[in-house]
Structures are given as C-alpha cells and as structure tokens.
Protein chains: 2
Amino acid sequence: MTTVTITQVAERVGVSVATVSRFLSGNNVREEDAIREAIAQLNYRPSAAARNLKSGKTSTIAVIVPDIANPFFASIVRGAEKAAGEKFMVLLVNTDGNPNREERILTQLFGRVDGVIMVPLTEDEVAPTAFGKFGFPIVFVDRISKESHEFDSVLVDNVKGSRLAVEKFIALGHTRIAMIGGPLDSTPGKLRRDGFHAALKKAKIENNPEYFVEADFNQVGGFAAMTKLLDLDNPPTAVLSANNLMTIGALEAIKSRGVCVPEELSFIGFDDIEMATLLVPPLTVVSRDVESQGAEAMRIMINRLDPNNRLSPQHKMIDVKLIERGSCSNPWLWSSKDSKIDQGSKKVK
Amino acid sequence: MTTVTITQVAERVGVSVATVSRFLSGNNVREEDAIREAIAQLNYRPSAAARNLKSGKTSTIAVIVPDIANPFFASIVRGAEKAAGEKFMVLLVNTDGNPNREERILTQLFGRVDGVIMVPLTEDEVAPTAFGKFGFPIVFVDRISKESHEFDSVLVDNVKGSRLAVEKFIALGHTRIAMIGGPLDSTPGKLRRDGFHAALKKAKIENNPEYFVEADFNQVGGFAAMTKLLDLDNPPTAVLSANNLMTIGALEAIKSRGVCVPEELSFIGFDDIEMATLLVPPLTVVSRDVESQGAEAMRIMINRLDPNNRLSPQHKMIDVKLIERGSCSNPWLWSSKDSKIDQGSKKVK
DNA sequence: ACGCTCTCTGCAATCGTTATCAGTAGTTAA
DNA sequence: TTAACTACTGATAACGATTGCAGAGAGCGT
C-alpha cells in the first residue's frame with residue numbers, strides 16, 4: 001500500500017540511509033542484524049526505478065519477436081531467459097511483424113532496458129540507420145545485412161540446411177525437387193533459397209523456376225504455395241519447405257489433395273515441429289537447436305554489456321542437421337497408376 | 001552513447017526544463033516547434049527510469065507463466081499483449097514451474113511493474129500469505145483457492161469441459177472411459193477430474209479408480225499414464241487427457257503400441273493443439289479461446305490499476321466447447337479379432 | 001602521546017523527470 | 001484605471017536510491 005523506503009528502514013534502526021544502502025550492496029555494517037530485521041519487519045523492497053535512475057542500469061534485456069505464439073520464437077525466448085540467469089530479467093515484446101509497432105517499441109524501451117535481442121521478420125523492418133540512435137546494444141537473431149558489421153548476430157547455417165535437404169532428395173533419386181521459400185527480403189528466406197539452388201546446381205539438375213515458390217513464412221502461404229506446386233503440369237516429387245508454419249500449411253494442402261507422403265511425395269521441413277513424430281508419416285526436418293540460439297544471443301549481449309570488454313561485433317553461426325524420420329522415400333517406390341500427381345513421365349522433356 | 005537529457009533540450013531551445021516537460025506531456029507551449037526540432041536534432045528520449053521514479057508508475061505489466069515454449073501459455077501472453085495496447089508494456093517471465101524462482105521473481109518485480117498477471121502451475125507454488133506483501137495487484141489465470149476472494153481471476157469452465165468430453169463418449173456408447181488427469185494440487189487438475197467423475201456419476205457409470213491416472217501436465221507424464229491405461233487387464237475404450245502436453249505424450253504412447261484411433265480407442269484432449277487437424281485422425285478436443293483469456297486478464301488488470309475504480313475482486317469465467325474432429329467413434333465399430341486392447345468382453349462383469 | 005592505517009559512519013550531491021508555486025504578460029470586464 | 005481572468009513561464013522541491021567525501025573511533029607501533 002504505502003510504499004516503504006530506505007529512509008524508513010534507516011530511521012527505525014537509527015542509522016543513516018547511507019548505511020542501509022551500503023548494507024544492501026553487501027558492505028559490512030555494524031547494525032547488520034538490526035537492519036536485516038527492520039527490512040523484514042517493514043517488508044521493505046528497494047525501488048528498482050530509483051536504482052535504475054541512479055545507476056543507469058536496468059538489469060533488463062528485451063527480446064523482440066514477431067510472434068510469441070509461434071513455438072519457434074518461444075524457444076528462442078526460452079533459451080535467452082535461461083542464459084540470462086539471475087542477473088537479468090527478460091522483457092518480451094511482440095511486434096506482430098508490424099514495422100511501426102517495432103519502431104515505437106524501440107523508442108519506448110529506452111531507459112527501460114540495457115539491451116535488445118531482436119528477431120526481425122524481414123531485413124528492412126527497421127530502417128538500418130535508425131538503430132544507432134536507440135542508445136542500447138542490439139543483438140540480431142537470424143538477420144544479416146549491410147550494416148551487420150556494426151551489430152552482433154546469431155545466425156543459423158541456412159545454406160547448409162537447404163543443401164542437406166536437397167542432397168537427401170537427390171540421394172534418394174529425386175530430380176523434380178521444389179522449394180516453398182520464405183520472403184526474399186528476409187535473411188533466412190534469401191539464404192535458404194540460395195542453398196537450395198546451389199545444391200541443385202552442384203548436382204547438375206536444371207533449375208526449373210516453377211519449382212521455387214516464394215511464400216510468406218505463414219501457414220496460409222504454405223498452403224497456397226503447396227497447392228500451386230501440386231497443380232503444375234509436371235509436379236515435383238520432392239518438396240522442401242522453408243519454415244515450420246509453411247510446413248504445416250503445406251501438409252494441410254497435401255492432405256486435402258489426398259496425396260500420400262512419402263509414397264507420392266517426399267517432404268522435408270526447415271525447422272523442427274513439435275509433434276513432428278506424431279504426424280503420419282513422421283516428418284523429416286532440417287533442425288537446429290533453437291533454444292541454444294536464444295541462449296547464445298543472450299550470452300553475447302551480456303558480454304557486450306560488460307564494460308570491461310570492448311569487443312568487435314560478434315557473429316555466431318548455429319549448425320543445422322537433418323533429422324530423418326519418415327517423410328522421404330525413393331521416387332520410384334510408387335506406381336503411377338492411381339497417383340494423383342504423377343501425370344508426366346519421370347524424365348522431363 | 002552519452003545520454004541526452006531534458007536539460008540539454010531546454011538549453012538548446014533557451015527555455016526551462018519545466019517547459020520542455022510540459023511540452024512532453026501535451027501542454028501548449030510557446031516554443032513548440034523549436035522544442036520539437038531540438039528533440040529530433042539531439043535525438044532525445046525521456047528516461048523511463050526517471051519517470052517511473054517520479055510518478056510511481058511503470059506502465060508495465062508482468063505476465064508470469066511456467067513455460068513460454070508451451071503454445072498454450074504463449075497464446076495467453078499474446079492475448080494479454082494485444083489487450084495491453086499502447087498504454088502498457090508486457091514483461092514476460094518464466095518460472096519454469098520452480099517455486100523459488102517464482103518467489104524471487106515476484107520480489108525483483110517490485111518497482112518495475114504496476115501489476116502481475118500470473119498463471120501458476122499448482123495452487124501452492126507461492127505461499128498465499130506472501131502475496132499481500134508484494135505491493136502490486138495480481139490477476140490469476142486458471143487458479144482459484146481459499147484466498148481467491150482477494151484476487152481477480154480468469155478461469156475456464158473446467159468442469160464443463162470434462163463433462164462435454166465424457167458425454168460425448170457416452171453418447172457414442174462407451175462405458176469404459178478413462179482420464180489422464182493433471183496434478184490434483186492445481187485448479188485445472190482438480191476441477192477437470194471433478195467434471196469427469198460428475199459426468200460419469202450422472203450417467204450412472206461405475207467409478208473405476210483404475211480409469212483415473214494422475215499425471216503431471218507434461219508430455220512424459222502423458223506417455224506414462226497412457227501406457228499404464230493400455231496395460232490394464234480391461235483397458236478403457238475412451239480416454240480424456242487433461243491438457244495439451246499430456247495429449248501429445250499419450251498419442252505417442254498410443255502410436256508406439258500400434259493402437260488405432262478411433263477404431264480401437266476414442267480420444268479427446270483438453271485444450272486444442274496446433275496442427276490437431278493434421279494428425280491422423282484429426283483430434284477431437286475440448287477448446288477455449290485462450291487468447292481471449294489472456295486478454296480478459298489484462299483488461300481486468302487495467303481496470304484495477306485505474307484509481308477511479310475501487311472494484312471488488314473480479315472473477316471471469318471463460319466458456320469451453322467441444323470441437324469434434326475424427327478421434328472418436330462408437331466402441332463397437334471395431335472387431336476384436338486383432339485388436340491390441342480389447343481382451344475383455346464389452347460388458348464389464 | 002603521536003602518527004598511521006583500517007573500518008565504519010553521516011552528510012549531501014546526484015541521477016532525469018514531474019509537480020507545485022509564484023510570477024509575468026496580455027486580454028477582457030467593470 | 002483597476003481587477004479579474006487566461007495562458008504561459010522559470011525556479012525549485014520532490015521521487016528513492018547510490019556514492020564521494022570528510023571524519024570518528026579503534027588498534028597498533030614507535
């Protein structure tokens with residue numbers, strides 16, 4: 001109710017506020033026991049606001065994500081929280097992928113946090129030049145661009161991820177390999193496409209532009225893109241989806257068309273899905289340790305905040321691996337008699 | 001770098017800090033344009049810390065959940081964020097279901113937030129008596145207990161939820177109906193069990209203690225509980241799981257045993273699961289609007305924070321409904337010849 | 001007794017804002 | 001002309017903590 005201040009504690013014990021303050025910060029004081037008791041009696045808690053003002057530190061780090069309900073971002077946050085430990089609190093903020101909101105949030109955050117860990121949806125959500133003015137360090141997750149040299153970042157090996165998937169398809173004998181890609185103005189969208197194309201090129205598979213559909217990293221986009229692929233005259237026999245939400249959408253499209261996985265279509269998703277093992281068949285995915293990516297971002301932030309360090313921008317790369325479950329098979333496993341998608345010959349042209 | 005203060009803005013324009021402050025709070029001032037420009041030039045942002053100290057308000061509301069990576073809690077947070085709008089920021093904190101951490105967090109939060117929205121895992125995570133001393137209002141989500149009359153809360157109709165599921169099973173002809181329950185020291189765990197038993201009693205179905213397994217609201221617990229049920233001499237033909245994580249665990253157990261749903265076993269989960277439609281068969285669930293539950297909690301909090309209101313504790317109840325998909329069927333649909341679970345006669349005793 | 005270090009103390013300034021208060025014009029009313 | 005009102009202003013005291021400073025004792029060696 002009535003907030004109790006350090007002054008009241010001091011009065012009760014009969015010492016100065018300075019002494020109580022020193023006790024609070026761990027110094028030896030004579031009336032130690034009395035102070036401890038007075039604090040308990042009065043139920044005193046130091047005001048964070050006053051401390052912040054005096055010290056200029058908040059012991060708070062914001063994590064900004066486009067959508068906390070996406071399990072992927074939730075895991076990042078969780079990793080960051082764990083790495084923050086007792087020293088820092090985590091202030092979580094959603095942007096809803098809305099650039100205006102993002103800008104406003106960054107402004108509001110001033111004086112409230114010591115630093116920001118940010119997972120942007122696209123690369124230009126916030127004008128790059130705007131960053132310098134916010135006055136706190138920023139660690140980017142999954143984002144790299146021109147000004148990247150100025151900022152810390154934690155990236156994932158997007159190119160390798162796509163490559164692993166494509167190589168898997170190729171090893172099984174697929175040649176009609178398609179990708180449902182993310183927005184090309186986002187780092188993951190761009191790099192995952194690059195990895196896809198690079199792997200195809202390396203295997204000397206002709207690049208069929210119809211086999212790359214750019215979508216929006218959302219479920220509906222994945223559904224639409226997959227539908228488009230299934231409607232091609234010569235549909236692919238293997239599909240890589242560039243993120244978890246689009247994977248779900250794509251699987252819905254596949255299911256609604258009655259296409260069988262993996263007999264008629266091999267499928268790999270980028271980023272693991274909770275319950276991937278429960279799907280029929282279990283989904284093969286390109287996976288990374290998302291929690292540790294969040295943790296790594298927090299670790300970098302904490303280092304940056306330490307005034308003893310004057311580090312140059314850090315760039316950490318998280319590895320990916322292919323987790324094989326049951327959604328891929330050889331393309332010739334199925335007979336074409338009643339397949340809904342094999343209407344052409346296996347050899348194009 | 002060097003933080004710019006209101007004083008510098010005032011100096012540059014040639015007015016007093018009071019005038020700048022007034023401009024900031026929306027009053028008419030003569031040098032309006034000059035101030036605006038100076039703020040932009042100097043890139044000045046008011047310090048939240050100083051404002052907090054002066055006003056005693058933080059415009060921040062904490063949402064405390066056991067695990068943000070659980071999509072269910074993520075949705076609560078999201079709803080709360082939406083309802084918070086521009087006026088309040090949301091500070092998210094995980095407890096990891098750890099009571100010590102919970103206590104510590106509540107302490108740390110003092111002076112940092114205006115109020116707390118809390119989703120506790122069990123009812124006694126925090127000593128009820130402890131709450132009075134934290135000095136900010138608390139809105140509970142999914143929790144009710146002795147001291148409930150003192151605190152606002154947003155509950156879900158747990159009893160009805162269980163009842164809907166059981167009635168569905170009964171309507172299909174099931175009599176061997178089991179439940180994988182949550183911890184009985186939690187509000188949802190207790191009430192969902194109560195609803196389960198009440199519905200059975202109403203239908204005059206004998207209460208078989210073996211058909212209620214208390215688990216931990218986690219995936220592994222769900223797996224173990226389901227395994228236990230399948231191992232019974234006279235296993236159930238219909239199972240209700242008390243939350244989403246246990247549902248996933250239970251489905252894994254079912255799958256690993258090769259039991260067919262819904263032919264051999266009807267299944268209903270409490271709380272919807274993302275991708276429930278993708279499962280084979282699509283999962284029938286008891287669902288509520290989780291986002292709106294979070295939003296409702298935030299709305300109550302904002303009202304409580306308004307000094308004009310002197311409200312008695314609010315208790316809002318969120319409705320539930322049964323979403324029928326494909327995981328339930330009549331128990332006699334299947335023949336017993338090769339079923340892995342029907343070893344007894346359909347009629348018990 | 002004297003100086004010296006050591007440990008602890010209280011005073012007071014300070015962090016960046018906002019709110020109170022007492023002005024100072026300028027306008028209008030009587 | 002004076003009074004009353006309006007519309008703004010600047011100086012200054014808070015808000016609740018931390019910290020530099022000077023000083024008070026205590027302990028010790030000479």
Side-chain angles (χ1 to χ4, degrees), chain A residues 1-36 38-39 42-60 89 107-114 134-136 307, chain B residues 1-36 38-39 42-60 89 107-114 134-136 307:
Chain A
M1 200 61 81
T2 69
T3 90
V4 24
T5 74
I6 200 174
T7 311
Q8 301 175 41
V9 176
E11 275 171 4
R12 186 176 234 257
V13 178
V15 294
S16 73
V17 293
T19 301
V20 179
S21 172
R22 274 185 274 257
F23 166 80
L24 255 19
S25 26
N27 289 311
N28 283 341
V29 294
R30 211 157 287 161
E31 301 288 358
E32 188 171 318
D33 296 336
I35 293 177
R36 212 189 305 279
I39 287 178
L42 297 172
N43 188 31
Y44 162 76
R45 321 255 166 192
S47 148
R51 279 188 166 162
N52 295 351
L53 178 58
K54 194 68 178 74
S55 67
K57 298 280 147 229
T58 63
S59 303
T60 303
M89 306 212 71
T107 302
Q108 287 185 338
L109 248 28
F110 181 80
R112 215 179 274 266
V113 300
D114 295 340
F134 290 115
F136 38 65
Chain B
M1 199 62 80
T2 70
T3 88
V4 23
T5 73
I6 200 174
T7 311
Q8 300 175 41
V9 176
E11 276 172 1
R12 186 176 236 257
V13 179
V15 295
S16 73
V17 293
T19 300
V20 179
S21 173
R22 273 186 277 255
F23 166 80
L24 256 17
S25 26
N27 290 312
N28 283 343
V29 294
R30 213 156 287 159
E31 301 288 357
E32 189 172 319
D33 296 335
I35 292 177
R36 213 191 305 279
I39 287 177
L42 297 172
N43 189 31
Y44 161 77
R45 321 258 166 188
S47 148
R51 281 189 164 163
N52 295 350
L53 177 58
K54 195 68 177 74
S55 66
K57 298 279 150 230
T58 62
S59 304
T60 303
M89 304 212 72
T107 302
Q108 286 185 339
L109 247 29
F110 181 80
R112 217 179 272 267
V113 300
D114 295 340
F134 289 116
F136 38 65

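Order of the sequence lines fixes the chain letters, A, B, ..., with proteins taken first and strands second; residue numbering starts at 1 for each chain.
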**Student:** Please work out if A:Tyr44 contacts a base, only the sugar-phosphate, or nothing of the nucleic acid, heavy-atom cut-off 4.0 Å.
**Tutor:** sugar-phosphate
**Student:** So, does B:Thr5 get its side chain near the phosphate of C:dG16, meaning an N or O under 4.0 Å from OP1 or OP2?
**Tutor:** no
**Student:** Can you confirm whether B:Val13 sits close enough to B:Phe23 that some side-chain heavy atom of one is under 4.5 Å from a side-chain heavy atom of the other?
**Tutor:**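 The answer is no; the side chains never approach within 4.5 Å.
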**Student:** Which distance, rounded to the nearest 0.5 Å, do you find between the CD1 of B:Ile6 and the OG1 of B:Thr19?
**Tutor:** 9.5 Å
**Student:** Does any N or O donor sit under 3.5 Å from an N or O acceptor when you compare the side chain of B:Lys54 with the base of C:dT17?
**Tutor:** no
**Student:** Please tell me if A:Ser21 has a side-chain N or O lying less than 4.0 Å from either OP1 or OP2 of D:dT19.
**Tutor:** no
**Student:** May I ask you to decide if B:Thr58's main-chain N or O and A:Arg112's side chain share a donor-acceptor pair within less than 3.5 Å?
**Tutor:**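 Pair found, side chain donor or acceptor close to backbone of B:Thr58.
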**Student:** If you check every side-chain atom of B:Ala50, which of D:dC8, D:dA11, C:dG16 has the closest atom?
**Tutor:**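 So the nucleotide nearest the side chain must be C:dG16.
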**Student:** Can you tell me how far P of D:dC8 sits from CD of B:Glu31, to the nearest Å?
**Tutor:**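 Rounded to whole Å, this separation is 12 Å.
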**Student:** How long is the line joining CD1 of B:Ile35 and C1' of D:dC8, in whole Å?
**Tutor:**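 Checked: the CD1 to C1' distance equals 12 Å.
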**Student:** Just how far is it from atom CZ of A:Arg22 to atom CD1 of A:Ile35, taken to the nearest 0.5 Å?
**Tutor:**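 Taking CZ in A:Arg22 and CD1 in A:Ile35, the distance rounds to 10.0 Å.
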**Student:** Given atom NZ of B:Lys57 and atom P of D:dC15, what is their separation to the nearest angstrom?
**Tutor:** 16 Å
**Student:** Can you say whether a donor on the side chain of A:Arg22 sits under 3.5 Å from an acceptor on the base of C:dG10, or the other way round?
**Tutor:**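 Under the 3.5 Å cut-off, the side chain and the base do form a donor-acceptor pair.
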**Student:** Take atom CG of A:Leu24 and atom P of C:dC8, then tell me their distance rounded to the nearest Å.
**Tutor:**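 To the nearest whole Å, that distance equals 17 Å.
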**Student:** Just how far, in rounded Å, is C1' of C:dA19 from CG of B:Leu53?
**Tutor:** 13 Å
**Student:** Taking A:Ser21 for the side chain and A:Val17 for the main chain, is one N or O donor matched with an acceptor at less than 3.5 Å?
**Tutor:**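 It does not hold such a pair.
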**Student:** Relative to the 5' end of DNA chain D, which residue comes earlier, B:Val17 or B:Ser55, by the nucleotide with the nearest heavy atom?
**Tutor:**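 So the residue in question is B:Val17.
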**Student:** Reckon A:Ser47 has a side-chain N or O less than 4.0 Å from the OP1 or OP2 of D:dG16?
**Tutor:** no
**Student:** Mind calculating the distance between CG (A:Asn27) and C1' (C:dT9) to the nearest angstrom?
**Tutor:** 12 Å
**Student:** Grab the CD1-C1' distance between B:Ile6 and D:dA14 for me, whole Å please.
**Tutor:**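 Going from B:Ile6 (CD1) to D:dA14 (C1'), I get 15 Å.
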**Student:** Would you classify B:Asn52 as touching base, sugar-phosphate or nothing, given that sugar-phosphate means primed atoms plus P, OP1 and OP2, and contacts are heavy atoms under 4.0 Å?
**Tutor:**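 Touches nothing.
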**Student:** Can you tell me if the side-chain N/O atoms of B:Thr19 get under 4.0 Å from OP1 or OP2 in D:dG10?
**Tutor:** yes
**Student:** Round to the nearest Å and state the distance from B:Phe23 atom CZ to C:dT18 atom P.
**Tutor:**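 Interatomic distance, CZ of B:Phe23 to P of C:dT18: 12 Å.
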**Student:** Under 4.0 Å from OP1 or OP2 of C:dG16: is there any side-chain N or O of B:Arg51 that close?
**Tutor:** no
